[in-house]
Novice: 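My questions all concern the structure below.
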Amino acid sequence: MSSDRAALAPATAPPRRAFVLLGAAHPAPALLVAAVVTALAVSCGRAPFGCLAVGTATLAGQLSIGWCNDRVDLARDRAAGRRDKPLARGELAPRTVATAALVALLACVPLSLAAGLAAGAAHLTGVAAGWAYNLRLKRTPLSWLPYAVAFGLLPAFVTLGLPSHPWPPAWATAAGALLGLGAHTANVLPDIDADLAAGVRGLPQRMGARWSRAVTGCSLATASAVLLLGPPGSPGPAALTALALTVALSAGAAVLPGTDGRRLPFLAVLAVAAIDVILLVGHGAVLAP
C-alpha cells in the first residue's frame with residue numbers, strides 16, 4: 001500500500017477501523033492470558049486495585065506483543081496468503097500497527113509498575129521477552145526461551161505485589177515455564193510447514209511436527225505433575241485423577257493422527273493446557289507464604 005489512507009480505505013468507519021486493528025493484535029489469546037493472570041491474582045489475595053493493575057498491564061503487554069508480531073511478520077504473511085490477518089489483507093497500514101504496538105508497550109510500563117515496583121519489573125521482563133521473540137529469537141533454536149521466561153514470571157508478577165513482596169515457590173515458576181514451553185510448541189505446530197517454507201527455523205521447526213508434538217505433551221504433562229505434587233500436602237484422589245488424565249491426553253497429543261496430522265493432537269494439547277491453568281489458579285492461595 002502506498003499510504004495509510006489507501007491502506008485503510010476499506011475500513012471507513014472509526015468503529016470498524018478499531019475492530020480491524022484489534023483483530024491484528026491476536027485478541028483471543030491476549031484476553032485469555034489477561035483473564036488467567038487476573039484470576040490468579042484474585043485467588044492469591046491481591047486487593048481489588050492490584051487485581052485491576054495486574055489485568056490491565058497483562059492485557060496491554062499482550063496486545064503490544066500481538067501487534068508487534070503481525071508487523072514483523074507482514075512480508076511473510078502476505079507471501080503465504082494469510083487471509084486471517086487484517087494487516088496481510090491490506091486492511092491496515094503497517095505504520096498504524098507499528099504505532100499501536102508502541103503505544104500499548106508504553107502504556108504497559110506504568111500499568112505494570114502500578115502493580116508494584118518488583119512485580120512490574122517481573123512483568124516488563126516477560127513483555128521484553130515477547131518482543132525479543134518477535135524481533136529475533138523466533139527464527140533461532142532459542143525460540144522457546146522467551147515463552148519459558150514470560151510464563152515462568154507470571155506467578156512472580158502476582159505475588160511480588162503482595163504486602164510482603166514474596167517470591168512464588170519454585171514449583172510455581174517451574175510450572176509456568178513448562179506451560180510456556182508447551183504453549184510455544186503447540187502454537188507453532190499447525191504452521192510448521194509454512195514456517196519452514198518461509199525460512200523460519202525456530203526450535204519446533206527444526207525438530208519437525210512429530211518431535212514437537214512429543215515435546216508439547218511432555219512439557220504439559222510435567223507441568224501437571226509439578227502443579228499437583230509441588231504444593232504442600234498430599235494430593236487427593238481428585239488430584240491424582242487429574243494427573244492421570246493429563247498424562248493420557250499428553251501421550252495422545254504425541255501420537256494421535258488427524259486429518260492433517262495435527263488437529264487432534266492440537267485439541268488434546270488445549271485440553272491439557274486448560275487443566276493446567278485451572279490447577280495453577282486453584283493453587284493461588286498457597287503461592288505466597
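For reference, positions follow the sequence shown, starting with 1. Quick caveat, the model's predicted, so the values are computed rather than measured.
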Novice: Hey, is the main chain of R83 close enough, under 3.5 Å, to the side chain of R89 for a donor-acceptor pair?
Specialist: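 Indeed, once roles are kept as given, a pair shorter than 3.5 Å links the two residues.
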
Novice: Inspect the surroundings of CG in L117 and state if more than 12 heavy atoms from other residues, nucleotides or ligands are less than 6.0 Å away.
Specialist: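 Counting other residues, nucleotides and ligands, CG of L117 stays at 12 neighbours or fewer.
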
Novice: Closer than 4.0 angstrom, basic N to acidic O: yes or no for D73 and K138?
Specialist: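 Answer for the salt bridge query: yes.
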
Novice: Would you list the pairs meeting side chain to side chain donor-acceptor pair (under 3.5 Å) in which at least one residue belongs to residues 141-150, sequence neighbours left out?
Specialist: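 Sorted result for residues 141-150: S143-H184.
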
Novice: What's the separation between atom CZ in R82 and atom CG in D191, rounded to the nearest 0.5 Å?
Specialist: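 R82 CZ to D191 CG: 5.5 Å, rounded to 0.5 Å.
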
Novice: Between L113 and V109, is any pair of side-chain heavy atoms under 4.5 Å apart?
Specialist: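 Yes, side chains in contact.
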
Novice: Which value, rounded to the nearest 0.5 Å, describes the distance between L137 atom CG and L203 atom CG?
Specialist: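 So the gap between those two atoms works out to 12.0 Å.
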
Novice: Answer whether the closest heavy-atom distance between the side chains of T38 and T58 falls below 4.5 Å.
Specialist: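 T38 does not reach T58 side chain to side chain.
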
Novice: Roughly how far, to the nearest 0.5 Å, is the CZ atom of R46 from the SG atom of C51?
Specialist: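 The CZ atom of R46 is 7.0 Å from SG of C51, to the nearest 0.5 Å.
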
Novice: Between V158 and P168, is any pair of side-chain heavy atoms under 4.5 Å apart?
Specialist: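 They are not in side-chain contact.
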
Novice: Do S224 and L245 pass the side-chain contact (heavy atoms from CB on, under 4.5 Å) test, and can you show the C-alpha distance, the side-chain angles, and the key distance before you say yes or no?
Specialist: CA-CA 10 Å; S224 302; L245 178 60; over 6 Å; no

Novice: Go through L220 and T246 one step at a time and tell me if the side-chain contact (heavy atoms from CB on, under 4.5 Å) criterion holds.
Specialist: CA-CA 8 Å; L220 292 178; T246 56; over 6 Å; no

Novice: Counting N and O atoms only, with roles assigned by atom type, does the side chain of R76 sit under 3.5 Å from a partner on the main chain of G199, one being a donor and the other an acceptor?
Specialist: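 Not a single qualifying donor-acceptor pair exists.
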
Novice: Working to the nearest 0.5 angstrom, can you tell me the gap between H165 NE2 and T159 OG1?
Specialist: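 If we round to the nearest 0.5 Å, H165:NE2 and T159:OG1 are 11.0 Å apart.
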
Novice: If you count heavy atoms of other groups shown closer than 6.0 angstrom to CZ of R206, is the number above 12?
Specialist: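 Check passes, neighbour count above 12.
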
Novice: So if you build clusters from Ile, Leu, Val, Met, Phe, Trp, Tyr with side-chain heavy-atom gaps below 4.5 Å, do L243 and W171 land together?
Specialist: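 In one cluster with L243: W171, yes.
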
Novice: Are L31 and W67 in one and the same hydrophobic cluster, where Ile, Leu, Val, Met, Phe, Trp and Tyr link if side-chain heavy atoms are under 4.5 Å apart?
Specialist: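 Yes, one cluster joins them.
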
Novice: Specify the closest pair of heavy atoms between G182 and T216, including all atoms of both residues, with the distance to one decimal.
Specialist: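 Closest approach of G182 to T216: O-CG2, 3.8 Å.
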
Novice: Measure the spacing between CG of L227 and CG of L280 and express it to the nearest 0.5 Å.
Specialist: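 Output value for this atom pair is 5.5 Å.
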
Novice: Tell me which pairs pass side chain to side chain donor-acceptor pair (under 3.5 Å) where either residue lies in residues 111-120, with sequence neighbours left out.
Specialist: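 The answer is S112-H123.
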
Novice: Should L21 and L63 be regarded as members of a common hydrophobic cluster, given that ILVMFWY residues are connected when their side-chain heavy atoms come within less than 4.5 Å of each other, either directly or indirectly?
Specialist: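 Linked within one cluster.
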
Novice: Taking all non-hydrogen atoms of both residues, which atom of A34 and which atom of G55 are closest, and how far apart?
Specialist: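 Taking every non-hydrogen atom into account, CB-O, 3.9 Å.
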
Novice: Using atom types as modelled and distance alone, determine if a side-chain donor or acceptor of Q62 lies under 3.5 Å from a backbone N or O of L59.
Specialist: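 Pair absent, no side-chain N/O of Q62 close to backbone of L59.
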
Novice: Taking the side chain as C-beta and beyond, is there a heavy-atom pair between L87 and D77 under 4.5 Å?
Specialist: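 Answer no - side chains too far apart.
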
Novice: What's the verdict on side-chain hydrogen bond (donor to acceptor under 3.5 Å, both in side chains) for W167 and T173, showing C-alpha distance, side-chain angles and the deciding distance?
Specialist: CA-CA 9 Å; W167 274 95; T173 302; over 6 Å; no

Novice: Can you see which heavy atom on L189 is nearest to which on A209, and at what distance?
Specialist: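 Heavy atoms of L189 and A209 come nearest at CD1-O, 3.8 Å.
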
Novice: Hey, quick one: are Y133 and I192 part of the same hydrophobic cluster, counting side-chain heavy atoms closer than 4.5 Å, chains of contacts allowed?
Specialist: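 They do share one cluster, since a chain of ILVMFWY contacts under 4.5 Å joins Y133 to I192.
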
Novice: Answer yes if L179 and I275 sit in the same cluster of Ile, Leu, Val, Met, Phe, Trp and Tyr residues linked by side chain heavy atoms under 4.5 Å apart, and no otherwise.
Specialist: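 They do share one cluster, since a chain of ILVMFWY contacts under 4.5 Å joins L179 to I275.
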
Novice: L102 and R71: side-chain contact (heavy atoms from CB on, under 4.5 Å), yes or no, with the steps?
Specialist: CA-CA 11 Å; L102 291 174; R71 177 60 188 91; over 6 Å; no

Novice: Any side-chain heavy-atom pair from V127 and S64 closer than 4.5 angstrom?
Specialist: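 Yes, side chains in contact.
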
Novice: Determine whether L154 and L40 satisfy the following criterion, side-chain contact (heavy atoms from CB on, under 4.5 Å), listing intermediate values before the conclusion.
Specialist: CA-CA 9 Å; L154 285 179; L40 185 60; 5.5 Å; no

Novice: Looking at L22 and P27, what are the two nearest heavy atoms and their distance?
Specialist: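 Taking every non-hydrogen atom into account, O-CD, 3.4 Å.
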
Novice: Please name the pair of heavy atoms, one in A122 and one in L153, separated by the smallest distance, quoted to 0.1 Å.
Specialist: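 Heavy atoms only, the tightest pair is O-CD1, 3.5 Å.
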
Novice: If you look at every heavy atom in A57 and C108, which pair is closest and at what distance?
Specialist: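 Scanning both residues completely, I find the closest heavy atoms to be O-SG, 3.7 Å.
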
Novice: Does the side chain of P166 come within less than 4.5 Å of L160's, by heavy atoms?
Specialist: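 Of all side-chain heavy-atom pairs linking P166 with L160, none is under 4.5 Å.
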
Novice: State, yes or no, whether a side-chain contact exists between V103 and L106 at a heavy-atom distance under 4.5 Å.
Specialist: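 In short, these two side chains do not touch, never coming nearer than 4.5 Å.
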
